[in-house]
Amino acid sequence: MKVSKQKMAMTASGAALFSVIALSAAASIENPGFESDWESWSDTDPSAISGVAYAGSKSAKLSGSGAKMEQQVSVSSNTNYRLSAYVDGAGTLGAVVSGSTHQVNTSSGAWKKLEMEFNSGSAQAITVFGAYNGAEGRFDSFALENLGGGSSSGGSSSSSSSGGGVCTGNNNLAIVSASDEGSNDGHGPANVIDGSLADESRWSSQGVKWITLDIGVLNTVKAVDIAWYKGDQRSSYFSIETSADNSNWATVLASGQSSGNSADFESYDLIDSTARYLRLTGSGNSANNWNSILEMDVIGCGDSGSGSSSGGSSSSSSSSSSGGSSSGGTLDPSLPPSSNFDLGDWYVSVPTDSNGDGKADSIYESELNSGYQNSSYFYTASDGGMVFRCPINGYKTSTNTSYTRTELREMLRRGDTSISTQGVNKNNWVFGSAPSSARTAAGGVDGVLRATLAVNHVTTTGDSSQVGRVIVGQIHANNDEPLRLYYRKLPGNSKGSIYIAHEPKGGSDTWYDMIGSRSSSAANPSDGIALNETFSYEIKVVGNTLTVTISRQGKADVTQVVNMSSSGYDTSDQYHYFKAGVYNQNNTGSGSDYVQATFYELENSHTGYAD
C-alpha cells in the first residue's frame with residue numbers, strides 16, 4: 001500500500017526573492033516565476049509551463065486531478081514565515097512543515113495573491129507547493145518571507161483544507177459502513193472493509209456501478225487505497241466523489257485507472273475535501289465490465305481507524321490478530337513516545353547496561369508503555385516525533401551482534417509474560433505459506449509494517465565500507481533476516497540512498513538498490529533522500545512474496561518485490577518479527593559518532609488464521 005505522506009525537506013535553495021520583500025529577511029525560492037521553466041521544481045502531470053503570466057513571460061499551469069509542483073526550501077527553526085503566490089483560476093497554495101500541511105485555496109478565476117503564515121517549529125527545511133483545486137489554474141511569483149522568530153502568529157490567512165486548523169498526518173480513517181445500490185452479485189460492499197484480502201471477500205458488481213464508504217464524521221479526505229480483485233491481471237476504471245451529506249457530491253478523482261500489475265494496495269491521491277462519504281463509481285476493467293474490489297482504505301487527517309485491513313486489526317474478523325501501532329493523530333512534544341504511539345506490542349533496546357549483564361538494556365512492553373524515555377537515545381522530539389539515536393560505542397544486544405542499536409522489537413503478546421519471546425507462538429508471526437500447524441500456533445500470519453520517518457544523522461567517520469549507513473526497518477527470523485532496509489548517505493553527498501538486503505535461511509545476502517546505490521563510492525543520487533527529509537516505507541509479506549515500497553510526497557513510489565519461495569522461511573519452525581528504529585551499521589568510526597532517525601508514524605498489522 002502506498003500512502004502519500006507529508007514531506008519535511010532538507011535541500012537548500014539559493015536564489016534571491018523579489019525586491020518587494022527586501023526589507024525583511026527572506027528564505028530563497030529558486031525560479032519563483034517559472035521563467036526557467038521547471039528548473040528547481042518537481043512537477044506532477046497534468047502540468048505545463050504557460051505563456052500567460054502575472055509577471056514576466058511564464059507561469060505554471062495545472063490542468064487536472066493530481067497536478068502539482070513543489071520545491072524544497074531551507075528555513076530557520078522556530079521562525080514565522082509568510083508564503084505567497086499569484087493564482088489565475090483555481091489552485092491550492094501550501095507548505096509542508098515537519099509532516100504538517102498548511103494550505104489555502106482559491107477558485108476566483110482572475111489573478112489573485114494567495115498568502116498564508118506559519119511557524120517552522122523544529123524544521124530546518126520545508127516543502128512549498130502549488131496544487132490543482134478542481135479546475136485549471138496558473139501559478140506565478142512564489143515568495144517566502146521571513147517574519148522573525150517566536151511562536152506562530154496564527155494569521156487568518158493560513159488555513160487547511162478542513163476549513164480551519166492544520167491538517168496533520170495521513171491516517172487510515174475509521175470506516176463505519178459500506179453500501180451500494182444493491183445490484184452486486186452476492187459479493188457485497190461490506191467485504192471491502194472486513195480486513196480480508198481473500199478473493200471471496202470482495203465487492204463485485206457489473207456495469208457502471210458505485211460503492212459508498214461512510215467514515216461517520218466530517219474529516220479531511222486526502223487519498224484512497226484500493227486492493228483490486230485480480231489487480232495484477234487487469235486494469236480497472238473508476239472515478240471518486242466525496243460528500244458531506246450523502247447528497248451533494250464533488251469529483252475528487254476523475255478517470256482513475258489501476259496499474260493492472262499489482263495484487264497489493266494501490267494508492268490514489270485525491271483533491272483534499274471535507275467529507276463524510278466517499279463514493280467510487282466503477283466502469284469495468286480491461287478484460288470485462290465487472291467492478292471488483294478486495295479492500296479499501298480512506299486516508300485523511302485525524303485519528304486512524306480500525307475498520308480496514310491496513311489500519312491495524314480488522315473490525316469484524318475474529319481471525320485477525322495484532323493491532324496497528326501508529327501515531328493516532330497529532331503528536332504532542334510534551335509526552336513520552338508511548339503516549340504518542342501505540343507501543344503496546346513492542347519493546348525497545350537501547351545501548352546502555354543498567355543491570356550490569358554486559359548487554360544492551362531491553363525495555364519491555366509494560367515499562368515502555370508506562371512512559372519510558374531516555375534523553376540520550378529514545379525520546380520525543382520538539383515536533384512530537386519519536387527519536388531513535390545510537391552512537392557507535394555502546395552495549396550490544398548479544399555477543400553475536402557487531403553493531404549497536406536503538407530499536408523497537410515487535411511483541412505480539414502485548415505484555416503477557418507467560419508467552420515466551422521466541423518460538424512459533426502468540427508473540428511472533430509466520431508466513432502464510434507456512435504449514436497449517438504453524439499458522440494456528442502463531443500470533444499472526446503474514447504482515448505489514450508501515451512507517452513515516454526522517455533520518456536526521458548518519459556516521460561520517462570510519463571505514464569507507466561502513467560510513468553513513470543505518471538500518472531503519474527489519475524482518476527478523478529465528479537466526480536470519482528476511483529483510484533489512486538501509487538508508488545510506490556518504491559524507492560527500494547531499495542525498496542518501498535506499499537499498500534492501502534479503503538473507504535466505506542460512507544463506508548469503510541478496511542486495512537490491514531502490515534509490516541510488518549502496519556502493520561505498522556512489523555518486524550523489526539525483527533522486528535521493530536528504531537528511532531530515534521525511535519519507536515512508538512499507539514492508540509487506542504475503543506468503544512467500546516480500547514487497548518493499550518507498551513513498552515520498554510528489555514522487556512516484558519505488559517498489560521492490562522479492563520472491564522468497566526458496567528462502568526457507570515457510571517451514572513449521574520459523575517465526576518472524578518486525579523491527580524499527582536505528583541499527584547503526586558502523587563499528588569503525590569515532591565512538592561518539594552516531595545515527596539518528598525520527599519516526600512520525602508507525603503501524604504494524606497481521607492477519608490471523610483459522611481453518
**Study point:** Residues Arg484, Trp511; criterion side-chain contact (heavy atoms from CB on, under 4.5 Å); working and verdict
**Key:** CA-CA 10 Å; Arg484 301 190 303 275; Trp511 298 89; 3.7 Å; yes
Check your understanding: Atom OG of Ser349 and atom CG of Leu408: how far apart are they, to the nearest 0.5 Å?
Key -> 8.5 Å
**Study point:** Check: Ser551/Asp557 side-chain N/O donor and acceptor closer than 3.5 Å
**Key:** yes
Review point. Does Asn393 offer a backbone N or O that forms a donor-acceptor pair with the side chain of Thr404 under 3.5 Å?
Key: no
Practice item. Please report the C-alpha distance between Lys579 and Glu481 in whole Å, then the side-chain angles of each, then the deciding distance to 0.1 Å, and finally whether the salt bridge (charged side-chain N to carboxylate O under 4.0 Å, His left out) criterion is met. Key: CA-CA 10 Å; Lys579 305 192 81 175; Glu481 296 158 335; over 6 Å; no
**Study point:** salt bridge (charged side-chain N to carboxylate O under 4.0 Å, His left out) evaluation trace for Lys222 with Asp269
**Key:** CA-CA 6 Å; Lys222 306 170 73 174; Asp269 288 330; over 6 Å; no
Check your understanding: Where do Gly384 and Asn340 come nearest, in terms of heavy atoms and distance?
Key -> O-ND2, 3.6 Å
Point to revise | Spacing of CG belonging to Leu449 relative to NZ belonging to Lys540, to within rounding of 0.5 Å | key: 13.0 Å
Exercise for review: Evaluate the side chain to side chain donor-acceptor pair (under 3.5 Å) criterion for residues Asp225 and Ser267: first the C-alpha distance (whole Å), next the side-chain angles of each, then the deciding distance (0.1 Å), finally the verdict.
Suggested key: CA-CA 4 Å; Asp225 297 324; Ser267 183; 2.8 Å; yes
Review point. Is there a donor-acceptor pair closer than 3.5 Å between any side-chain N or O of Ser370 and the backbone N or O of Ser366?
Key: yes
Point to revise | Any side-chain donor near an acceptor of the partner, Ser536 and Thr452, under 3.5 Å | key: yes
Review point. If you look at every heavy atom in Thr534 and Ala454, which pair is closest and at what distance?
Key: OG1-CB, 4.0 Å
Check your understanding: Taking all atoms of both residues into account, what is the closest heavy-atom pair of Thr421 and Arg409, and its distance?
Key -> O-NH2, 3.0 Å
Exercise for review: Would you confirm whether Asn456, through its side chain, and Asn532, through its main-chain N or O, come within 3.5 Å as a donor-acceptor pair?
Suggested key: no
**Study point:** Test log, rule side chain to side chain donor-acceptor pair (under 3.5 Å), inputs Asp446 and Trp429
**Key:** CA-CA 7 Å; Asp446 293 331; Trp429 54 277; over 6 Å; no
Exercise for review: Determine whether Leu213 and Tyr277 make a side-chain contact, defined as any pair of heavy atoms from C-beta on separated by less than 4.5 Å.
Suggested key: no
Point to revise | Phe378 side chain near Leu368 side chain, heavy-atom distance below 4.5 Å | key: yes
**Study point:** Heavy-atom side-chain contact between Ile392 and Tyr594 under 4.5 Å
**Key:** no
Check your understanding: Do the ring centers of His606 and Tyr577 come within less than 6.0 Å of each other?
Key -> no
Exercise for review: Kindly determine whether Asn184 and Ser204 satisfy side chain to side chain donor-acceptor pair (under 3.5 Å), including the steps that lead there.
Suggested key: CA-CA 6 Å; Asn184 61 75; Ser204 289; over 6 Å; no
Exercise for review: To the nearest 0.5 Å, tell me how far Ile498 CD1 sits from Ile515 CD1.
Suggested key: 5.5 Å
Review point. Are side-chain N/O atoms of Asn544 and Ser565 paired as donor and acceptor at under 3.5 Å?
Key: no
Revision key, fill the gap. Between Asp480 and His476 the two heavy atoms that sit nearest each other are O-ND1, 3.5 Å
Exercise for review: Answer yes when Lys359 and Asp353 have at least one side-chain N-carboxylate O distance shorter than 4.0 Å, and no when they do not.
Suggested key: no
Point to revise | Ser402 and Asn587: side chain donor to acceptor below 3.5 Å | key: no
Point to revise | Heavy-atom closest contact (Leu294 atom, Trp228 atom, distance) | key: CD1-O, 3.8 Å
Point to revise | Arg405 and Tyr583: side chain donor to acceptor below 3.5 Å | key: yes
Check your understanding: When you measure from the side chain of Tyr537 to the backbone N and O of Val472, does any donor-acceptor pair fall under 3.5 Å?
Key -> yes
**Study point:** Euclidean distance, Tyr347 OH relative to Ile363 CD1, rounded to 0.5 Å
**Key:** 10.5 Å
**Study point:** Close aromatic pair by centroid cut-off 6.0 Å: Tyr569 and His576
**Key:** yes
Exercise for review: Would you please say whether a donor-acceptor pair under 3.5 Å links the side chains of Asp361 and Thr352?
Suggested key: yes
Check your understanding: Under the side-chain contact (heavy atoms from CB on, under 4.5 Å) criterion, do Ile539 and Leu546 qualify, and how do the steps go?
Key -> CA-CA 7 Å; Ile539 300 167; Leu546 167 67; 4.0 Å; yes
Review point. Quick one: are Val562 and Thr545 in side-chain contact, heavy atoms under 4.5 Å?
Key: no
Practice item. Could you walk me through whether Val548 and Thr559 pass the side-chain contact (heavy atoms from CB on, under 4.5 Å) test, one step at a time? Key: CA-CA 6 Å; Val548 180; Thr559 299; over 6 Å; no
Check your understanding: Is the side chain of Asn584 donor-acceptor paired with the backbone N or O of Cys390 at a distance under 3.5 Å, no angle test?
Key -> yes
Practice item. Would you check if the side chain of Thr380 reaches a backbone N or O of Leu335 as a donor-acceptor pair within less than 3.5 Å? Key: yes
Point to revise | Side-chain donor-acceptor pair present, Gln422, Asn428, cut-off under 3.5 Å | key: no
Point to revise | Ser259 and Glu266 side chains, donor-acceptor separation under 3.5 Å | key: yes
Check your understanding: Tell me, do Ile226 and Tyr268 make a side-chain contact under 4.5 Å, heavy atoms counted?
Key -> yes
Check your understanding: Salt bridge check: are Arg414 and Asp345 linked by an N-O gap of less than 4.0 Å?
Key -> yes
Check your understanding: Atom CZ of Arg488 and atom OG1 of Thr459: how far apart are they, to the nearest 0.5 Å?
Key -> 8.0 Å
Check your understanding: Backbone N or O of Phe535 within a donor-acceptor pair of the Arg552 side chain at under 3.5 Å?
Key -> no
Review point. Is there side-chain contact between Ile299 and Val224, with at least one heavy-atom pair below 4.5 Å?
Key: no
Point to revise | Aromatic centroids of Tyr364 and Trp346 separated by under 6.0 Å | key: no
Point to revise | Heavy-atom side-chain contact between Phe388 and Gln596 under 4.5 Å | key: no
Point to revise | Taking every non-hydrogen atom, the tightest pair across Lys426 and Leu412 | key: O-CB, 3.4 Å
Check your understanding: Taking atom CG of Leu280 and atom OG1 of Thr242, what is their separation to the nearest 0.5 Å?
Key -> 12.5 Å
Point to revise | Ionic contact status for Asp194 with Arg202, cut-off 4.0 Å | key: no
Review point. Can a donor-acceptor pair be found between the side chains of Gln466 and Thr588 at a distance below 3.5 Å?
Key: yes
Check your understanding: For Arg518 and Tyr512, what are the C-alpha separation, side-chain angles and deciding distance, and is it a side chain to side chain donor-acceptor pair (under 3.5 Å)?
Key -> CA-CA 9 Å; Arg518 72 183 183 95; Tyr512 303 85; over 6 Å; no
Check your understanding: Is a side-chain donor or acceptor of His502 paired with a backbone partner of Thr510 at a separation under 3.5 angstrom?
Key -> no
Practice item. Look only at the side chain of Asn425 and the backbone of Ser420, and say whether a donor-acceptor pair between them is shorter than 3.5 Å. Key: yes
Check your understanding: Within a strict 4.5 Å, meaning less than it, do heavy atoms of the Asp416 and Asn427 side chains meet?
Key -> no
Exercise for review: Keeping the roles fixed (side chain from Thr401, backbone from Thr397), state whether a donor-acceptor pair exists under 3.5 Å.
Suggested key: no
Check your understanding: More than 12 heavy atoms of other residues, nucleotides or ligands under 6.0 Å from OH of Tyr395: is that the case?
Key -> no
